[in-house]
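A note on names: the letters A, B, ... follow the listed sequences, proteins ahead of strands, and every chain is numbered from 1. Computed from heavy atoms alone, side chains included, the values below leave out hydrogens, waters and symmetry copies. Not measured: the values here are computed from a predicted model.
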Number of protein chains: 2
Amino acid sequence: MSELSAQERIKIAATKVFTLKGLEGARMQDIADEANINKAMLHYYFRNKKQLFEIIFEEKLHKIFGAMELLIFSKDAFENRIRAFVEKQISIVLEFPVMPIFVMLEVRKNPELLEGKFKNIPLDVIRDNFRKVIDAEVMSGNIRRISLEELLMNVMSLCIYPIIAEPILKYVLDLNQESYFELIEARKKSVSDLIINDLKILK
Amino acid sequence: MSELSAQERIKIAATKVFTLKGLEGARMQDIADEANINKAMLHYYFRNKKQLFEIIFEEKLHKIFGAMELLIFSKDAFENRIRAFVEKQISIVLEFPVMPIFVMLEVRKNPELLEGKFKNIPLDVIRDNFRKVIDAEVMSGNIRRISLEELLMNVMSLCIYPIIAEPILKYVLDLNQESYFELIEARKKSVSDLIINDLKILK
DNA sequence: GTCTATAGGCGGATAGAC
DNA sequence: GTCTATCCGCCTATAGAC
């Protein structure tokens, strides 16, 4: 912990506190405590709360969309790319389950957060490429006709929701930590199976 | 608006503000403004912020789990029950898309929120019944072997995530309000199809 | 029941010593 | 770079008039 620079420790601490409490609910004192640092130092390294928040938020956004590039620029077979993406996506969310909740909520509070934060991520290129990949598979008769939108919604839903909703699912299904975790691990395969079986049903 | 009682208007206003801002981020003044009422009146009708919050939270929880009972106590064929549940679930979440995000986040902040709030909802009965229904279908050879846990995670994911993640999905997929809404409407059918096709693949 | 005024405390931000 | 002390505004909560 202490071998990290002050900046690093602050950012890690701020991520923890902001993701749980949100911009307005977070206390600078909590972040300072979590980082094992003086409250005044937060203002030394980052001018104010808002600025610290925006830096954290932007980093998290890039992490999320980084995985999507991986899905596009592989040369593997379509089915394998789906499998790789599902595994990667589940692993990323498992690292920090509150993060997607945090992003979804903050974006609703403040829609401008999305705008202009994507200079480096070419979403249009990713979309175009992925549509071409899907169309090629459809043309070859490998998969049924499906839109990029529907496929992506399905995959993202099945990967992300069961992890972000952990406390509720554990409660509703009466699961302990261990069996919940086994279920999620098994999903790295079963989600791909579900998606791929759906694609292979030719209509 | 004004034909509603003060209590009712406060609760509606508080729901709006709390779901977006969370317990700590919400301002009593914002709730008062939203309810078109004096700030002092909030404390007249509800002793304090925490108590107002808990009342709202509990109501939302019951709304979520109310839909699950509907899934169990129908006498319709299994496939139709799935279809009915998916439609109902999507409709409920569409009514108030921030609500699941709010619940997921608050429960993570404060795990005790779940405990003791379910005197009236017999989760264990619902689980047992649903397991029996699934087992009967498996025995009759109608569906493949699947656990309650996996099935529920899949259905909930596909219904809830695309709605709570609306702003992100619209941005990533470059959708306008209209085409996004069409996609979600179409999911009332396509999600059921996906789930049912998966169940019918006998392994 | 409704409203104004104000108490009281918390939290972000800064000044300034070291 | 680090820490203490402190300012000041904001927000919950209540007192008390009507």
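The distance between atom CG of Leu42(A) and atom C1' of dG1(D), rounded to the nearest whole Å, is 14 Å. The interatomic distance linking Met41(B) (CE) with dT12(D) (P) rounds to 17 Å, in whole Å. The CZ-P distance, from Phe46(B) to dG1(C), rounds to 12 Å in whole Å. Note: CG (Leu52(A)) to P (dG12(C)) measures 11 Å, nearest angstrom. Following rounding to the nearest Å, Gln29(B) (CD) and dA13(D) (C1') show an atom-to-atom distance of 13 Å.
Remark: Phe18(B) CZ to Ile55(B) CD1 distance equals 10.0 Å, nearest 0.5 Å.
In this view, Arg83(A) and Glu79(A), Asp193(A) satisfy the salt bridge (Lys or Arg N to Asp or Glu O under 4.0 Å) rule, not counting sequence neighbours. Residues passing the side-chain contact (heavy atoms from CB on, under 4.5 Å) test with Ala32(B), sequence neighbours excluded: Gln29(B), Ile37(B), Lys39(B), Leu42(B).
For residues 51-62 of chain A, the side chain to side chain donor-acceptor pair (under 3.5 Å) pairs, not counting sequence neighbours, are Lys11(A)-Glu59(A). Here side chain to side chain donor-acceptor pair (under 3.5 Å) pairs that include residues 153-169 of chain B, with residues two or more places apart or in two chains, are Arg187(A)-Asn154(B), Glu166(B)-Lys170(B).
With distances taken from any side-chain atom of Asn38(B) to the nucleotides dT2(C), dT2(D), dT4(C), the minimum falls on dT4(C).
Sorted by residue number, the list of members of residues 14-25 of chain B with any non-hydrogen atom under 4.0 Å from DNA chain C is empty.
Taking 4.5 Å as the limit, every side-chain heavy atom of Val107(A) sits out of range of all side-chain heavy atoms of Tyr171(B).
Regarding contacts with the backbone of dC10(D), every side-chain N or O of Arg27(B) stays at 4.0 angstrom or more from both OP1 and OP2.
Judged purely by atom type and a 3.5 angstrom limit, Arg9(B) uses its side chain to pair as donor or acceptor with the backbone of Ala35(B). Between the side chain of Arg144(B) and the main chain of Asp198(B), a donor-acceptor pair closer than 3.5 Å is present.
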Do nucleotides 13-18 of chain C as a string where each nucleotide becomes B, S or -: B if the base has a protein heavy atom under 4.0 Å, S if just the sugar-phosphate does, - if no protein is that close.
BB----
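For Phe102(B) and Phe53(B), the distance between ring centers is under 6.0 angstrom.
Note on Tyr45(A): only backbone sugar-phosphate atoms sit closer than 4.0 angstrom, heavy atoms only; bases stay farther off. Nucleic acid contact class of Ala32(A) (heavy atoms, under 4.0 Å, all strands): none.
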